[in-house]
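Reading through the C-alpha cells given below for one structure.
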There are 2 protein chains.
Amino acid sequence: MAKKITIYDLAQKLNISPATVSRSLNDHPAISQKTKDKVLSVARETGYRTNKFAANLSKQRSKTIGVIVPKLNSIFMSTVLSGIEKIANNFGYNLVISQSLESQEKEKLNAKTLFDSGIDALLVSLAYETENYDHFTTYTDRKIPLLFFDRLCDLPNCPTISIDNEAAGYDATRHLIEKGCKNIVHITGSLRRNVYTDRLEGYKRALYKNKLPVRPENIIESDLNIYKVQEFVAYIKASKHKVDGIFVSNDTFAVNCIKELKKEGFRIPEDIKIIGFNNDPVSEVISPNLSTIEYPGYKMGILAGQSIISHLNGSINIQSADQIIIKHKLIARESTQI
Amino acid sequence: MAKKITIYDLAQKLNISPATVSRSLNDHPAISQKTKDKVLSVARETGYRTNKFAANLSKQRSKTIGVIVPKLNSIFMSTVLSGIEKIANNFGYNLVISQSLESQEKEKLNAKTLFDSGIDALLVSLAYETENYDHFTTYTDRKIPLLFFDRLCDLPNCPTISIDNEAAGYDATRHLIEKGCKNIVHITGSLRRNVYTDRLEGYKRALYKNKLPVRPENIIESDLNIYKVQEFVAYIKASKHKVDGIFVSNDTFAVNCIKELKKEGFRIPEDIKIIGFNNDPVSEVISPNLSTIEYPGYKMGILAGQSIISHLNGSINIQSADQIIIKHKLIARESTQI
DNA sequence: AATATTTGCGCAATCGGTTGCGTGATATTT
DNA sequence: AAATATCACGCAACCGATTGCGCAAATATT
C-alpha cells in the first residue's frame, strides 16, 4: 500500500516512455488524446502521485509562497493571512508562514530559511525592530517577487499594499477635533514603521490645519503592549494640559485604555474621547463602543495574494500594480460622541 | 549576482569531488576538519546555498510540516498556530498552513495538496463538516505522522492534543449551578466534533449530578456564527421555562449574547448568568466581564509542535505520547456572579 | 506516386544533492 | 619491517520528473 509509484512504473506498464507519461500528465499538446487517456487512467488506478521534489528540481519552482509576519496571533494579521491563504489555495499555491515576533534577527533568519526552501515569492509585513533591509536583497537580486503589505519598506521595485495611513491618521484626528477636542494625545507604535509615522503625520496635519498646537509631550511612542496601559493612563492624568482626546494606533490598546480610564473615574466620551485603529472586533464589545478606522484586512490579504500571483504569472494588470492603496473608513461610535 | 552556485562549482574550485563537498557541508564524520573548513569558507565566500529541491529529492523529506485548520482568523486558532510556528521554526521546519473553512471538501483537497507537496508530517484540527476521514489514510498508510489537535478524530494510531472537554463542560455547568441557576441552556457547535459533544456530555453530567432535568429544548446546536445571536436570544425569551443560565461553547458568541441580552433588558448576571469558553481576549472587554474556561491555545501549539517533531525524530518521550490532555481552568468573572 | 508537412512519441541530458562501496594513504599493532 | 586497522576521500549510481531535439509514421499537398 505504501509503495511509491513513479512515471517509470507507469511507462513500463503502458510500454511507452517516461517522457510520454510526463507529457501526458501535464496535458502537453504533442501527445494524442488516446495516449493521454490511457496514461491518466492507469495513473488513477495505480494511485500515482507526482513527486513534487523531482518536479520542483527540474522546474526550479515550488508553487509555494512564503509569508513573514510580525505575529500570527492578532485578529488583524490572521485575517490578512486568511485572505492570502484563500487566494494561494485557489491558484494551487502552498503558503509557508513564519513570524518574526517583531525581531529583526528572526526576520532575517526567516527570510533566509524561506529563500533556501525555494519559495517562488515572498510576502512581508515588517517587524517593529527592522531597520536594515539587506536580508531582502537575496530576493531582489534573483528577481524573486517580493511584496510588502501593511508594514512597508521602501525598497525599489517592491510592490506594496496598504491603506493611506496619513489620511487615516488625519481623519481620526479631525474627527476628534470636530467633536470638540482641543488637546489630543496620540499614542503610536514604533516610528520605524511607515504605518505609524504616516498616521502621526496625519495627526499633525489635522492639528495644524485646525490651528491646534502640536505638543511633543502628546506624542507617545510605545510598543502598544497592553501592560503599558496603566503607565499611559497615569501619564494622561498627570498631564499639565488637560487631555480631552486620545488617538490610539491600535484598537486593542485603545480598548484597554477605555477600561483603565473608566476605572480611574473618567467618563468616556464626556471627559475624554477616544478613537482607535483597525476596527478589531473588540471595538464593538467595549462599552462605550470604540470609534475607529476600518482597516480591511481580509481584502488586503486577497489583494496581496492576487498581486503576487499575477507577478509570478508575469501578467500585467491592476493586480500587479506597484502600489495598491486600499480605502479606509472612519467608523464613529460611542467613544467619541455623546 | 544572480548566479546559482552548486556543490559542483565548489568541488571544481577546490579540486575535490562533489561528494566531499556535500559531506563537508553536512558535517559528515568521515571528512577531515581541514577539508571541511576549506569547503565551508569557500562556500561562504561564493554565497553558496544548498538547493533544497535537490536535497529533498534525494533525502525524500522536506523539513516541512503541514497544518490544516478550520479558520485562520480566530484569536484562538492563530494563537495555537503561533505556538506551532515557534517550535517548527526552532527546529528548522517550515510550516505550510491551509484552512478548510469548515468544509469537508476543502479539507480533503488540502490534505491531498499537502501530501503531494511532500510534507513530513501533518497537524489537523477538523472542519465542522467533516464526517469521513478517508482523506487521511494516505498519511497513515505511508506512516507519515499525523496529529490532531483541538478538534480530534478517532483514527487509530493518531496522537491527539486537547483539553478534557467533558470535564470542562462539567465545570462550566456546575459553576452556573453553584451560582443558583436552575434552568441552563447550552449552545454548542457542531456535534460532529468531539470538542462540542464532550462539553455537552459534561453539561449533562453536571445536571444529572445536581438532579436538574436535562431538557432537550435547552440544547441548541449551532454554527456559532454571531449573526445567529438575535435568533438565539429570541428563543431564550420565548422559552417556556425561564432561562437563568447559559453555557456557550465559544466566547465570541457568548459576548454577543450578553450584548443582545442587555439590549433586550436582561440584567447579567442577575437575571441570566452566562459562561463562555476559550478565554478569548474579548471576554475581559465585555461588560460584565465574561466567565469562561481557559483554553491554553499557545501551549497547545507548542505541545503539538514538539510532539510531532519528536515523532519525526523517532524519539520516544512524553512529547510523543499518543494522547496529551492539557489542563483547563474555570475563570469566574462578573457574568456569573454578583 | 512522390514529396512535403504534420503528428506522436522516444532518447538522453539535466536539475543538484546524497550515499554505498571501494581504494590509496597514513597510522597502529605485533 | 610486515601486517592490519583507520582515515579521508572519490566513483558512480541514484532520487523522479522535465524537455530540447530528432526521428518515424501518418497525413496532406501537388
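Order of the sequence lines fixes the chain letters, A, B, ..., with proteins taken first and strands second; residue numbering starts at 1 for each chain.
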Ordered by number, residues from residues 50-59 of chain B within less than 4.0 Å of DNA chain D (heavy atoms) are Leu57(B), Ser58(B)
Please list, in numerical order, the residues of residues 19-30 of chain A that have a heavy atom closer than 4.0 Å to any atom of DNA chain D.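 Within this stretch, Ala19(A), Ser22(A), Arg23(A), Asn26(A) sit under 4.0 Å of the strand.
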Pairs in or reaching into residues 111-132 of chain B: which pass salt bridge (Lys or Arg N to Asp or Glu O under 4.0 Å), with residues at least two apart or in two chains? Arg49(A)-Asp116(B), Lys112(B)-Asp116(B), Glu131(B)-Arg192(B)
When the aromatic ring centroids of Tyr133(B) and Tyr139(B) are compared, is their separation below 6.0 Å? no
Aromatic ring proximity Phe115(A)/Phe136(A), centre distance under 6.0 Å: no
Is it the case that [X] and [Y] place a side-chain donor and acceptor less than 3.5 Å from each other?
| X | Y | result |
| --- | --- | --- |
| Ser17(B) | Thr20(B) | yes |
| Glu107(A) | Thr130(A) | yes |
| Gln60(A) | Asn56(A) | no |
| Thr35(B) | Ser32(B) | yes |

Between Ser82(A) (side chain) and Ser78(A) (backbone), is there a donor-acceptor pair under 3.5 Å?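 No, Ser82(A) side chain to Ser78(A) backbone: no donor-acceptor pair under 3.5 Å.
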What is the distance from atom CD1 of Ile68(B) to atom CG of Leu123(B), rounded to the nearest 0.5 Å? 9.5 Å
Would you classify Arg61(A) as touching base, sugar-phosphate or nothing, given that sugar-phosphate means primed atoms plus P, OP1 and OP2, and contacts are heavy atoms under 4.0 Å?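 Here Arg61(A) touches no strand at all.
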List the atom pairs, donor and acceptor, that lie under 3.5 Å between side-chain atoms in residues 91-98 of chain B and the rest of the protein, sequence neighbours left out.
residue, atom, partner, partner atom, Å
Asn94(B), ND2, Ser117(A), OG, 3.3
Ser98(B), OG, Val67(B), O, 3.3

Nearest whole Å is fine: how far is [N] [atom2] from [X] [atom1]?
| X | N | atom1 | atom2 | answer |
| --- | --- | --- | --- | --- |
| Lys4(A) | dC14(D) | NZ | C1' | 12 Å |
| Ile31(A) | dT6(C) | CD1 | C1' | 15 Å |
| Tyr8(B) | dA13(C) | OH | C1' | 13 Å |
| Lys34(B) | dC7(D) | NZ | P | 16 Å |
| Gln33(B) | dA8(D) | CD | P | 10 Å |
| Asn15(B) | dA8(D) | CG | C1' | 16 Å |

Is the distance from OP1 or OP2 of dG16(D) to the nearest side-chain N or O of Thr6(A) less than 4.0 Å? no
OP1 or OP2 of dA17(D) versus the side-chain N and O atoms of Tyr48(A): is any pair under 4.0 Å? yes
Lys36(A) vs Ile7(B), nearer the 5' end of DNA chain C by closest nucleotide: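 Taking each residue's closest nucleotide, the earlier one in sequence belongs to Lys36(A).
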Hey, what bend do you get for the helix from dA1(C)-dT30(D) to dT30(C)-dA1(D) if you fit axes on five pairs at each end, rounded to 10°?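 That helix has its two terminal axes inclined by roughly 30°.
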Pairs flagged by ring-ring contact (aromatic ring centres under 6.0 Å, His included) wherever residues 53-86 of chain A is involved - sequence neighbours left out: Phe76(A)-Tyr295(A)
